[in-house]
Amino acid sequence: MPELPEVEVVRRGLERWVGDRRVAAVAVAHPRAVRRHAGGAGDFESRLSGRVMTAVRRRGKYLWITLDDPVPQSAGQGGEAVLAHLGMSGQLLVRPPEAPDEIHLRVRITFLDGGPELRFVDQRTFGALALVDTDPAGRPLPLAHIAPDPLDETFDEPTFLRSLRRRRTGLKRALLDQTLISGIGNIYADEALWRARMHYAKATEAITPAQGASVLSAARAVMVEALDKGGTSFDSLYVNVNGQSGYFDRELAVYGRTGLPCRRCGVLVVREPFMNRSSFRCPRCQPRQRR
DNA sequence: CGGAGCTCCTGGGGGC
DNA sequence: TGCCCCCAGGAGCTCC
């Protein structure tokens with residue numbers, strides 16, 4: 001389940017392999033993989049063919065590959081980019097052309113240099129690619145509503161804390177709202193709440209600036225640690241352009257640890273239904289607040 | 001218009 | 001052994 005750290009690992013891997021390469025051909029094997037592309041699969045294939053990939057950028061869980069200008073435009077105009085979201089199971093793999101197709105290969109992009117292909121592989125098809133317009137700063141227009149993520153240099157903490165307090169909802173719902181703060185999913189939300197010793201249902205309007213800063217700092221710390229773990233293991237050519245962070249084996253404190261002792265106090269971690277999925281917490285470290 | 005719930009999807013795993 | 005149901009969940013969409 002790629003969240004910010006996993007997507008950033010993918011971005012770094014891609015940056016190394018697709019930069020400054022001209023696309024030869026694009027083949028969409030499953031139309032659902034480009035359902036967000038306005039013109040459909042054929043349009044995606046034809047418009048991306050012949051373009052040069054220039055850089056790979058990221059905001060929250062989205063990443064995008066910027067493209068060269070096919071026709072020189074006047075200053076101040078935007079360009080185009082391949083916008084990608086990995087969903088739950090999406091992978092962007094860099095693979096030799098002779099490598100056998102993956103079972104869930106959805107999109108294949110080949111390059112004029114005959115080198116490694118870029119493949120979008122996605123079992124559960126929640127992920128998607130699209131060719132989109134960007135603003136003059138190179139940011140995809142469809143991401144206008146996505147807030148900066150906590151590792152973004154433009155992230156403004158006072159703005160976030162004010163917005164958080166204006167919400168009328170529970171703390172974890174707010175953390176998962178990509179229009180408020182981006183990059184956090186179910187796993188890192190639970191881990192951040194555990195580190196900050198806060199309950200997922202705590203009312204946002206009751207959160208003090210210190211508490212808000214605490215949970216934000218926890219979210220940042222846990223994501224940076226996960227990123228470091230993922231980053232340390234992606235030295236081989238193709239293996240780690242795939243969303244594996246290497247973080248999940250031993251480092252998680254509460255996520256998925258139902259019935260196991262809290263790493264801080266030893267009380268058993270509980271799993272509770274939340275938004276048609278799950279929340280994990282330590283009952284002692286993260287007690288439910290009284291209203 | 002903000003908040004909450006629904007829906008898309010597939011394979012692994014547990015229960016019987 | 002095989003079948004069925006639950007589960008994982010990001011985010012766009014709809015409804016109130």
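Note that this is a predicted model, so its numbers are computed, not measured. Chain identifiers are assigned alphabetically (A, B, ...) following the order of the sequence lines, protein sequences preceding nucleic acid strands; residue numbering begins at 1 within each chain.
- Using a 4.0 Å heavy-atom distance criterion, A:R35 is classed as making no nucleic acid contact.
- The hydrophobic side chain of A:L268 is isolated, with no ILVMFWY side chain under 4.5 Å apart from it.
- Checking C:dA11, B:dG3, C:dG10 against every side-chain atom of A:R168, the shortest atom distance belongs to B:dG3.
- A cation-pi contact links A:R264 to A:W194, judged by a cut-off of 6.0 Å to the six-membered ring centre and 45° from its axis.
- A close approach under 4.0 Å does occur between a side-chain nitrogen or oxygen of A:R173 and OP1 or OP2 of B:dG5.
- Considering only side-chain N and O atoms, A:H145 lies under 4.0 angstrom from the phosphate OP1 or OP2 of C:dG12.
- At a cut-off of 3.5 Å, with distance as the only test, no side-chain donor of A:S182 or A:K61 sits close to an acceptor on the other residue.
- Residue A:S89 is out of contact with every strand shown, counting any heavy-atom pair closer than 4.0 Å.
- One interatomic measurement links the two molecules: NE2 of A:H104 to C1' of B:dC9, which rounds to 11 Å at whole-angstrom precision.
- Remark on the helix from B:dG2-C:dC16 to B:dC16-C:dG2: inter-end axis angle 50°, axes from five-pair C1' superpositions, rounded to 10°.
- In terms of phosphate contacts, A:Y62 brings a side-chain nitrogen or oxygen within less than 4.0 Å of OP1 or OP2 of C:dG12.
- Across all strands shown, A:H30 has no heavy atoms under 4.0 Å from either base or sugar-phosphate atoms.
- Residue A:N186 places none of its side-chain N or O atoms closer than 4.0 Å to OP1 or OP2 of C:dG10.
- Here C:dG10 presents its C1' atom at 14 Å from CG of A:L63, a figure rounded to the nearest Å.
- In the interface, the side chain of A:R166 is not paired with the base of B:dG2 through any donor and acceptor atom under 3.5 Å apart.
- For the residue pair A:T125/A:R32, the side-chain donor-acceptor check at 3.5 Å is satisfied.
- The nearest whole Å value for the distance from the CZ atom in A:R32 to the C1' atom in C:dA11 is 11 Å.
- Ion pairing between A:E102 and A:R95 holds under the 4.0 Å rule for side-chain N and carboxylate O.
- Nearer to the 5' terminus of DNA chain B, by closest-nucleotide assignment, is the contact made by A:D177 (compared with the other of A:D177 and A:T125).
- Under 3.5 Å, the side chains of A:T204 and A:T169 contain no donor-acceptor pair of N or O atoms.
- In terms of phosphate contacts, A:Q123 brings no side-chain nitrogen or oxygen within less than 4.0 Å of OP1 or OP2 of B:dG11.
- Applying the 4.0 Å criterion to OP1 and OP2 of B:dA4, one finds that A:T169 has a side-chain N or O inside that range.
- Residue A:N276 contributes atom CG, which lies 19 Å from atom P of C:dC13 at whole-angstrom precision.
- Taking the salt bridge (charged side-chain N to carboxylate O under 4.0 Å, His left out) definition, one finds that A:E272 meets it with A:R281, sequence neighbours left out.
- Per the geometry, CE belonging to A:M275 stands 15 Å off P belonging to B:dT7, to the nearest Å.
- In terms of phosphate contacts, A:R167 brings no side-chain nitrogen or oxygen within less than 4.0 Å of OP1 or OP2 of B:dA4.
- What separates CZ of A:R36 from C1' of B:dC9 is a distance of 13 Å, to the nearest Å.
- The pair A:E8-A:R11 meets the salt-bridge criterion, since a charged nitrogen lies less than 4.0 angstrom from a carboxylate oxygen.
- Note: CZ (A:F274) to C1' (C:dC7) measures 17 Å, nearest angstrom.
- Between A:D122 atom CG and C:dA11 atom P there is a gap of 13 Å when expressed in whole angstrom units.
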